[in-house]
Asks: 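Below you'll find the structure I mean.
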Amino acid sequence: MPIREFRMADYSSVIALWQDAGLELNPSDSFEGLQKKLERDPDLFLVAEEDGQILGALLAGYDGRRGWLYHMAVHPFGQGQGWGKRMMEELEARLRNKGCQKLNLLVEPSYSGAQDFFERLGYRRDELIFMEKWLGG
Ligand SMILES: CC(C)(COP(=O)(O)OP(=O)(O)OC[C@H]1O[C@@H](n2cnc3c(N)ncnc32)[C@H](O)[C@@H]1OP(=O)(O)O)[C@@H](O)C(=O)NCCC(=O)NCCS
């Protein structure tokens with residue numbers, strides 16, 4: 001199955017892939033952090049695999065109101081082959097099945113191309129001010 005749910009055994013491969021694709025990782029991406037994530041909605045953490053190699057990985061969540069996409073990347077050598085689109089379609093289908101009406105995501109300005117990619121998939125830009133606070137612990 002080319003798109004499947006993430007397993008903890010994929011941890012090193014997925015972290016390496018996200019780094020190779022230029023994503024900025026954060027403390028929530030530690031082994032323990034991703035283990036915690038799997039306790040909640042493991043079906044929204046997906047990888048794309050071909051010939052035993054992980055080519056793409058996306059991490060999303062659903063809080064009962066909105067879906068949120070946190071990380072999404074396809075390895076540079078797999079980009080432009082439709083993997084990103086197929087992974088997003090799978091995620092959207094899973095969210096729809098849960099009754100989720102809207103999927104939100106944030107794009108780092110440095111991720112050139114990501115905005116165009118999401119626009120191709122029907123996402124629209126909204127001018128909001130993003131605020132955040134790390135709670136520690
Ligand atoms: C953005 C990213 C996930 C796209 O994945 P991908 O597998 O290369 O994209 P796909 O091949 O599925 O492309 C789907 C559509 O988006 C378009 N697209 C993809 N990347 C694009 C780009 N950089 N500029 C313009 N259009 C782009 C494709 O042309 C395609 O359009 P089509 O359906 O009309 O043919 C991938 O390039 C990536 O991992 N980039 C680095 C990390 C990143 O920016 N992640 C997003 C963080 S918010």
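Only heavy atoms go into these numbers, but all of them, side chains included; no hydrogens, no water, no symmetry mates. For ligands, and for the atoms within them, numbers begin at 1 and follow the listed sequence. The chain is numbered in sequence order, starting from 1.
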Asks: Any chance CZ of R66 has more than 12 other-residue heavy atoms, nucleotides or ligands included, within less than 6.0 Å?
Replies: yes
Asks: Pick whichever of P76, G80, A48 has a heavy atom sitting closest to atom 8 (O) of ligand 1.
Replies: G80
Asks: For atom 42 (C) of ligand 1, decide whether some protein heavy-atom distance is shorter than 4.0 Å.
Replies: yes
Asks: Show me which atoms of ligand 1 lie under 4.0 Å from any heavy atom of A114.
Replies: 44 (O), 46 (C)
Asks: Name the option, out of M72, M87, Q115, that contains the heavy atom nearest to atom 46 (C) of ligand 1.
Replies: M72
Asks: Distance-only, no hydrogens or angles: does the N26 side chain make a donor-acceptor pair with backbone N or O of S28 under 3.5 Å?
Replies: yes
Asks: Does any N or O atom in K85 lie less than 3.5 angstrom from one in ligand 1, N or O only?
Replies: yes
Asks: Which atoms of ligand 1 sit under 4.0 Å from any heavy atom of Q79?
Replies: 8 (O), 36 (C), 37 (O), 38 (C), 39 (O), 40 (N), 41 (C)
Asks: If you count the atoms of ligand 1 from 1 in the order shown, which ones are under 4.0 Å from a heavy atom of A73?
Replies: 39 (O)
Asks: Please determine if A21 has a nitrogen or oxygen closer than 3.5 Å to a nitrogen or oxygen of ligand 1.
Replies: no
Asks: If you scan the protein for heavy atoms around atom 24 (N) of ligand 1, do you find one that is closer than 4.0 Å?
Replies: yes
Asks: Could you list the atoms of ligand 1 found under 4.0 angstrom from a heavy atom of D116?
Replies: 24 (N), 25 (C), 26 (N)
Asks: For atom 28 (C) of ligand 1, what is the nearest protein heavy atom, given as residue, atom name and distance?
Replies: R120 CG, 4.8 Å
Asks: By number and element, which atoms of ligand 1 are closer than 4.0 Å to a non-hydrogen atom of W83?
Replies: 7 (O), 12 (O)
Asks: Please compare W18, F117, Y70, Y111 and report which has the shortest non-hydrogen distance to atom 9 (O) of ligand 1.
Replies: F117
Asks: Below 4.0 angstrom from a heavy atom of G82, which ligand 1 atoms are there? Numbered from 1 as shown, please.
Replies: 10 (P), 11 (O), 12 (O)
Asks: Kindly check if the number of other-residue, nucleotide or ligand heavy atoms within 6.0 Å of CD (E108) is above 12?
Replies: yes
Asks: Please check if a non-hydrogen protein atom sits closer than 4.0 Å to atom 34 (O) of ligand 1.
Replies: yes
Asks: Does any N or O of ligand 1 fall below 3.5 Å from an N or O anywhere on E108, backbone included?
Replies: no
Asks: List ligand 1 atoms under 4.0 Å from Q81, heavy atoms only on the residue side.
Replies: 11 (O)
Asks: Specify the protein heavy atom at minimum distance from atom 21 (C) of ligand 1: its residue, its atom name, and the distance to 0.1 Å.
Replies: G113 O, 4.0 Å
Asks: Under 3.5 Å, side chain of K85 to main-chain N/O of F117, donor-acceptor pair present?
Replies: no
Asks: Answer with side chain, backbone, both or neither: which part of L69 has a heavy atom less than 4.0 angstrom from an atom of ligand 1?
Replies: neither
Asks: Evaluate G84 for polar contact with ligand 1, using N/O atom pairs at a separation under 3.5 Å.
Replies: yes
Asks: Could you check whether the rings of F45 and F6 sit parallel, tilted or perpendicular, using 30° and 60° as the cut-offs?
Replies: parallel
